[in-house]
Engineer: 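One structure, pasted below without further comment.
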There are 2 protein chains.
Amino acid sequence: MNVRTLCLSILYEGEATGYEIRRLCVEGECSYFVEASFGSIYPALARLEDEGLVVSRTEQQSGKPAKKVYSITDQGRTAFAEELAGPLGEDVFRSPFLLFARFAHILPRDLVEARANEYLEKHIADHRRLEEAFAERGSNAADTWVINYGRAVMEVAERHIRSHMHELITLARAEPKKDAAE
Amino acid sequence: MNVRTLCLSILYEGEATGYEIRRLCVEGECSYFVEASFGSIYPALARLEDEGLVVSRTEQQSGKPAKKVYSITDQGRTAFAEELAGPLGEDVFRSPFLLFARFAHILPRDLVEARANEYLEKHIADHRRLEEAFAERGSNAADTWVINYGRAVMEVAERHIRSHMHELITLARAEPKKDAAE
DNA sequence: CGGGACATATGCCGGACCGATATATGCCGG
DNA sequence: CCGGCATATATCGGTCCGGCATATGTCCCG
């Protein structure tokens, strides 16, 4: 799954600027399974325009910089459907925190406790964001299906961390090496 | 979280070759939250050796190519602990399948059904692999904590897909455009 | 009322990383 | 005996991230 396809998927639902696409990847209801940064979105949009899969129109705004609004073309819709029909690529899950957690026994307890709390807070925030997306009900049935899958998984993840984090903290080194701290 | 740190984390537990590190990332009990390919592992190991964080010894084998076995140094252990104490980076979850699922309504039912089944099979396999890692009990307490977190999440993911995939399939286009296939 | 933080918006660049490929070797099955 | 597979190291092209530069306007705080 490349950034090109991601851009097409967002433009499929309606026109948007590069900036908005990025925001949807970070804050949108589907931000829990797609991601992309400016450094890849803008070049991708430029290439899509070269290939005729999207068109752009520059819009002047008072009080804000001019923006380039992209729309998908019929050719783009076809290309997107073909892309989805082709090989998809595997799901990716990477967790620096879980790597950290595996070594709890060599780390000072204060640090493990702080990180575990951060991790829980992050999960609570992500979970709540998805519950709100579900409550809004602006999305179609397929979107709702995807959101419900996310809700089910996040609910369990949050609950598991909440009720088991103290076990992880107990595993950490009781006394932090005083001199070697930083 | 970079590949350097990942290599150090594996070598922390015992010596290994680049090939073995790669295999642990793909098949090992922790493969569900770390990943790396040859293209990044070999350069990373070379750089770690330059920096004195690991040392290597070449071992001739009969019937197989010679291998370079890497071991972590005291300096490497210290650097690894410092790395874990520093900023960690966010968890990443990316799912081409969920992006695909969002557009079930524009895709032929056969395709959606096939992909949903593949996705379920993949989850069953991943989940089982983790249950086996749990049953083996060769790991320490922190590893077990991490595995249990994965088990809890995977159990729910698998169950949710199993009991809700038919809803997604129902959303797909009933009659596949016969001419536009491929 | 000046200045800094923040939001909108586009774009580039260095470096990290993936996936494919090359190279070498020996095993095993058809 | 030949092709495919497993072991093992290494490189290379291309994709992508994160930080930075640039431009402009708002809003709040001192």
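We use all heavy atoms of the structure for the numbers below, so side chains are in, but hydrogens, waters and symmetry mates are not. Proteins get letters first, then strands, A, B, ... in listed order; numbering begins at 1 in each.
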Engineer: Is A/Tyr119 reachable from A/Phe100 through a run of hydrophobic residues whose side-chain heavy atoms are each under 4.5 Å from the next?
Structural biologist: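 Linked, A/Phe100 and A/Tyr119 end up in one cluster.
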Engineer: Check this for me: does any side-chain nitrogen of one of B/Glu118 and B/Lys122 sit under 4.0 Å from a carboxylate oxygen of the other?
Structural biologist: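 No, no charged N to carboxylate O under 4.0 Å.
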Engineer: Between B/Leu48 (CG) and D/dT9 (P), how many Å, whole number?
Structural biologist: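 In whole Å, D/dT9 P and B/Leu48 CG are 15 Å from each other.
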Engineer: Write down the distance between CD (B/Gln60) and P (D/dT9), rounded to a whole number of angstrom.
Structural biologist: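 Going from B/Gln60 (CD) to D/dT9 (P), I get 11 Å.
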Engineer: How many whole angstroms separate atom NZ of A/Lys67 from atom P of D/dT24?
Structural biologist: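 So the NZ-P distance, A/Lys67 to D/dT24, works out to 18 Å.
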Engineer: In whole Å, I'd like the distance from the CZ atom of B/Arg22 to the C1' atom of D/dA8.
Structural biologist: 13 Å
Engineer: Look at the side-chain N and O atoms of B/Tyr19 and state whether any lies under 4.0 Å from the OP1 or OP2 oxygen of D/dT9.
Structural biologist: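 Negative; the distance criterion is not met.
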Engineer: Just the rounded figure in Å: distance from P of C/dG11 to CD1 of A/Ile21.
Structural biologist: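 Rounded to the whole Å, the gap is 12 Å.
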Engineer: Considering only side-chain heavy atoms of A/Arg23, which listed nucleotide, C/dT10, C/dT8, D/dT9, is closest?
Structural biologist: C/dT8
Engineer: Can A/Val146 be reached from B/Val156 by stepping across I, L, V, M, F, W or Y side chains whose heavy atoms are under 4.5 Å apart?
Structural biologist: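 Each belongs to a different hydrophobic cluster.
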Engineer: Between the protein and nucleotides 13-17 of chain C, which nitrogen or oxygen pairs are less than 3.5 angstrom apart?
Structural biologist:
| residue | atom | partner | partner atom | Å |
| --- | --- | --- | --- | --- |
| C/dC17 | OP1 | B/Val3 | N | 3.2 |

Engineer: Could you identify the nucleotide paired to C/dC28, looking across every strand shown and requiring Watson-Crick or G-U wobble geometry with both distances under 3.5 Å?
Structural biologist: D/dG3
Engineer: Without decimals, in angstroms, what is the distance between A/Glu20 CD and C/dA7 P?
Structural biologist: 16 Å
Engineer: List the steps and the verdict of side chain to side chain contact (heavy atoms under 4.5 Å, CB included) for A/Thr17 and A/Lys68.
Structural biologist: CA-CA 6 Å; A/Thr17 67; A/Lys68 252 171 110 173; 5.9 Å; no
Engineer: Could you give the CD-to-P distance, from A/Glu90 to C/dC18, as a whole number of Å?
Structural biologist: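 It is 14 Å, rounded to the nearest whole Å.
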Engineer: Using a 6.0 Å cut-off, check whether atom CG of B/Asp74 has over 12 heavy atoms from anything other than its own residue.
Structural biologist: no
Engineer: Specify the separation, in whole Å, of atom CZ of B/Phe38 and atom C1' of D/dA8.
Structural biologist: 8 Å
Engineer: Output yes when B/Arg47 and B/Asp50 qualify as a salt bridge under the 4.0 Å nitrogen-oxygen rule, no when they do not.
Structural biologist: no
Engineer: Quick one, B/His123 with B/His127, criterion ring pair (Phe, Tyr, Trp, His ring centres under 6.0 Å). Give me CA distance, side-chain angles, the key distance, then yes/no.
Structural biologist: CA-CA 6 Å; B/His123 272 73; B/His127 184 192; 9.4 Å; no
